[in-house]
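Comments concern the structure below.
None of these values were measured; they are calculated from a predicted model. In what follows, chains are A, B, ... by sequence order, proteins preceding strands, each numbered from 1.
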Amino acid sequence: MLGRESPALERSGSSGQAGETEAVAQPPNSISVRGVSYSVRVNVGPWWKVPLYHTKWTRQILKDVSFHVEGGQIMGILGNSGSGKTTLLDAISGRLEDKDSFFGEVYVNGQQLKKEQFRDCFSYVPQNDALLSFLTIEESLTYTALLALQKCSNNFIKKKVDAVMAELSLSHIANKIIGSQIYVGISGGERRRVSIAAQLLQDPKVMLLDEPTTGLDCLTANQIVSLLVELAHRDRIVIITIHQPRSELFRLFDKIAIMSFGEMVFCGNPMEMITFFSNCGYSCPEQSNPFDFYVDLTSVDTRSKERELETYSRVQVIISAYRNSEIFRKVLETIERTRFMKELPPIPFKNKDSPGDISKLWFLLRRITRNFSKDKMGIIMRLLQNLLFGLFVAFFLLRLTPDLEKGAVQNRVGLLYQCVSAPPYTGMLNAAALFPPLRAISDQESKDGLYQKWQMLLAYIIHFLPFSILSVVIFSTFMYWTVGLYPDPFRFGVFFAVVLASHVIGELLTLVMLGVVQNPNIVQSAVVLLNSAGVVVGTGLVRTIEEMPMPFQILSFFTFQKYSSEILIVNEFYGLNFTCGRDNSSTTVNVACPISRGIQFIEQNFPGALSRFTMDFLLLYAFLPVLAIIAILSFKIREKIISRQ
Amino acid sequence: MKKDPENISLEGASWSQDRCTSLSAQDSIFCSEEDNSLYFTYSGKSNVLEVKELNYQVNLASQIPWYEKLTQMQLLLPWNSGPDSHVSIIQNLNLKVHSGQMLAIIGSTAGGKTSLLDVITCRDHGGKIKSGHIMINNKPSTPQLVKKCIAHVRQDDRLLPHLTVRETLLFIARLRLPACFSDSQRQKRVEDVIAELRLRQCANTRVGNEYLRGISGGERRRVSIAVQLLWNPGILILDEPTSGLDSFTSHNLVITLSRLARGNRLVLLSLHQPRSDIFQLFDLVLLMTSGVTIYSGAARDMVQYFTELGYPCPRYSNPADFYVDLTSIDKQTTEKEMESLKRANTLASLFQEKIKDYDDFLWKASEGDSVVTTTSKQSSHSKPEEVINMPYHSSDQLPGVLKQFTVLLSRQVSNDFRDISTLLVHGFEALVMSLLIGFLYYGHEGRLSIRDTSALLYMIGALIPFTVILDVIAKCHSERAMLYLDLENGMYSVTPYFFAKILGELPEHCAFVIIYGVPIYWLTNLFPEAEHFLLNFFSVWLAVYCARAMALWVAALLPTLQLSAFLGNVLFTSFYLSGGFVISLEQLWTVPYWVSKVSFLRWNFQGMMQIQFTDSIYDMPFGNVTIKIPGKLVTKALGLDSEPLYISYLIIGGNIFCFLLLYYLSLRFIKQKSNQDW
């Protein structure tokens, strides 16, 4: 057993000294993990097998894991899928859902972290890169920097972004668009590097990466790992989980941990590893990749019971050998020693002088606007979809007449009914298409503590307002004058305001649902359902409100459609005179024309609506702030749900 | 530190910890071949796959589907795509593989591996074979031939999310295995494949998708390989079978594949990063980079070949990694790119020189030990404990159309039934709508007024179909990719799928129409006689089914969810506006009037109005007097008495028939490829 005098350690120690002058006096930063166990309870069977579904079994995901890493070292956690690698990273970074079944301690520089300190200390790069698809790399990083380090000057941020891009060799493609599945942009390896760069902006001393090489081709994967090794040697602690590492990387890692079924089979430097396994009777053949060999050695083969038994017992033998070994004893000793050092070095927090909420909101808004402003098709769709709908209705209706026999009332009511029910629907389509990617990013960045989910939501709401206004302006200008609604500029203004409110309410409602429901398709159907229900109950176009049963009358006060339809009806019918066939004398009582003036229609179907006009208007607009607040609450709930998962 | 072993094993077997293996390491990691019972042998005629001087070009512009161009507004600028958008993907490629051989195509990404496999399986879209030809058993490859004898495991397989792994495989076994297999044989085969691919642990777990937690990514990958292994084909083609698998599983998978190859089968696979232990399992290797062949020959001769060229492989390193890196095109900077491109081209021309004397296009080390390995290996497959013989005329005996139909039907019904959340959401939608409308018009001792009745009847017809349309479109799009692959694989044909789909919708449809239609009718106190009720219910049933048929058609017609939803919306709104309630029928000008002639909402409305009004007399308060109005006058005033009642049913039925016909035609003639990714 070689102990701690490995060449890797010496090298890292010296580079650490060369890199950071103030680090000379202090002992290096360290992370110690002692006796970490974690288990979850899961249902045995699917829901349709009722007895099985209700019995639960405890699945041990981590079992008594201990290790110790110091500054300047990179540790690779190996293991097959399901061996608990990702859970171990989650455990270190304090991101585990259920704290009750978590045992053991995580020390940073010998001190246990408080709950809120975790995210300020660790940088976590998750497996999937959530990036905005229309920004360039430089913009993307600059906005992240602005959000993370707002107290710094723009000049400093620019320098910082340039430095990080240079460090990750992204400088030559700084102005490339990131892209999405549809829109071709940078490659997978470059995306991964952008994600890592975004974390580096905060100068973290501890970086955790979950499967940074998965989904990349071998050349790129190698580049990424070599890059991480370099990062580690600049006095950082880097811990990665890795899947199929190549043999060249074997010597690059300072520490290698192998996980199997939640247990740490071995953790130590590469030389120790070879010696240890040789002592156990398994020496690595010279021509094969040691990573592969040892991982295979410690896997449990579940293809048949006998194989399972055999391989499992082999793993157990190796584990007990490791636990009795000198290496493991030294790890425990080091952990104890760092804990009881005379002078504990301070916890290495990330650079974090995030500014006030207002400026965060401002940066988020700029980022969203910048991103969507490059999506030309998206903008055109958003501006014109209301108009498309208007064209459609106008095509069927052509022009309204004052002639009752030609359906003056019926057609008007039908048109207003459409104007009440369709704008929320288009609003829903916007939000359901545009917001989910932003939501994915805010989920990730709020875990890093850059901002909170509701701030992203609020920025999005502010962002879409001008689009909504413009889109509704286009729609109502076309609709109002083509179809021939009451020709009066003030009434046109009212019409516009009502349609705008409905459109925005539809969008806000969708955002509320998106906060608590993950699947956008379900959100869509739910909003459609709510909207139709609101139209049926609230408008009084289907049935006059007075005739409804009492609960529905009360319910109708909570629908925005009640107010919007009342306003639109009064707006259109007040002061309107009807004709009846060719006979223009509107005073004659005719069976086909029971009414002759619009006001009669209002009195019959919406009694009192005329006097409630202003009130209705205020109530309709009151829905906007109320829904915005509910949406914020819904994203606060989301924060709770996600942190428990 | 004592752990309960049952936490680990689902089977709950207790382990004896005292057993310590004293075998040598390499042997004990992977079980040797003999102790595994599964050994499929292909007993058909041996197959030969030959590719001669293939040059293949792709027009990059035509790879982008039209609707994506639309989103980038490139349709308006057709002159953008100059002649330079033709990119040569494969240049002058030769290969010849026999049954019993396993050829691994290695190379860095974008080396043309996937394209080559696509060309071989006739799935090249947008590309053009400039010269050369592909022969399967000396016949040029055609899609029919490919369907018959090649199983293609692709990178992007899709599975039904709500079935368990075992069920997925059982359904496919019923579809894909020849008719002569008994049920117990099919089950045996499924169990064998599950054991072979180490899926036992998750055999009873749902497959899942991005919204539904199921099996892990690696497991899903193995399930899609299992799907192809099930029908035991003569030629097996796998595109990156090990990506996303952990090392242990991928090693075992390649062992399986090489064993399958030795069972008189032709195995072709592409890999970008074979591990050293996997590399040692290959018989033949084809190293490609940017479309050119750098090496093709026995795997173990590769190091020797490159050593002769002056590129020896360093010790302790994986030859596959080393040579893939050596030949890959480094696109980080232009200089590096030029340099590596030049090196690759030199190596390729050197290789062409060396093999020009051989007719099988393989490099041989020396005369002494050439590629007799394959034949010697073939004879070495020692006494399999069980040989499943595959009848030669397998494809002729696939289950008949009727059988396919029943299997598909039960598959669809069980998948839908498992999807509890969607079922609940849809049921809830129907119930909410029904109670909402029902109670809205509830509370009347007498009957509803004329205005209310007509509004109610129109609402009944118009509210639920819209949500149904959205739901059906979303669901069809989630299944679209799987349907495409199944059809491409020739697992079943369109006709049984079509019938299974439209019949499979019926249980759900009936349940929802009952939930929706029945409460409304009684709550709102419409005509209480059974006859009226049944007529009314039937009309609603037909109208909702018509909406379903329309949604199925729209979903099959257009490539993305957004476009389908948009068209569905447009169609529905036009039927809605011309339905006779929102705008009176007489006021419609010519075009909408025609639309109203085929609008199922209008005929539903008309039918229901006639049912309610024809036999009744209404009291109409008019000033101080009450006038009795016969119901017929009401329908007449709305222009809804043009045809007798049965005509309404006939027209809605005709509508359904047309939509279903269109759906069938769309399924048949439009590629059901999915490009929807959220």
Most chain A-contacting option - heavy-atom pairs closer than 4.5 Å, from B:V425, B:T467, B:D471, B:T573: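 Result: the option with the highest number of such pairs is B:T573.
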- request: Return the option, out of B:L577, B:V591, B:L470, with the maximum number of heavy-atom pairs under 4.5 Å with chain A.
  value: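 Answer, by heavy-atom pair count under 4.5 Å with chain A: B:L577.
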Pick one of side chain, backbone, both or neither for [X], based on which atoms fall under 4.5 Å of a heavy atom in chain B.
| X | answer |
| --- | --- |
| A:E211 | neither |
| A:I173 | neither |
| A:N531 | neither |
| A:V528 | side chain |
| A:V393 | both |

Which atom pair, heavy atoms only, marks the closest approach of [X] to [Y]?
| X | Y | result |
| --- | --- | --- |
| B:M433 | A:S532 | CE-CB, 3.5 Å |
| A:F395 | B:P592 | O-CG, 4.2 Å |
| A:S525 | B:E429 | CB-OE2, 3.2 Å |

message: Using 30° and 60° as the class boundaries, would you call the ring planes of A:Y417 and B:Y576 parallel, tilted or perpendicular?
response: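 Correct class here is parallel.
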query: Can you tell me how far CG of A:L555 sits from CG of B:L440, rounded to the nearest 0.5 angstrom?
result: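 Output value for this atom pair is 10.0 Å.
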Among A:G262, A:G35, A:G414, residue most engaged with chain B (heavy-atom pairs, under 4.5 Å):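 Answer, by heavy-atom pair count under 4.5 Å with chain B: A:G414.
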- prompt: Of the listed residues (A:F389, A:F392, A:F277), which shares the most heavy-atom pairs with chain B below a 4.5 Å separation?
  reply: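 Highest number of pairs under 4.5 Å: A:F392.
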field: Part of B:S574 within contact of chain A (heavy atom distance under 4.5 Å)
entry: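 Both parts, heavy atoms under 4.5 Å.
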- prompt: For B:I473, is it the side chain, the backbone, both, or neither that has a heavy atom closer than 4.5 Å to a heavy atom of chain A?
  reply: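 For B:I473, there is no contact with chain A at all, as no heavy atom is under 4.5 Å.
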- request: Assert yes or no for the condition that the ring centre distance of A:Y425 to B:F466 is strictly below 6.0 Å.
  value: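 Yes, the ring of A:Y425 comes within the 6.0 Å limit of the ring of B:F466, centre to centre.
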field: Close side-chain approach of B:F566 to A:L429, heavy-atom, < 4.5 Å
entry: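 B:F566 vs A:L429: side chains apart.
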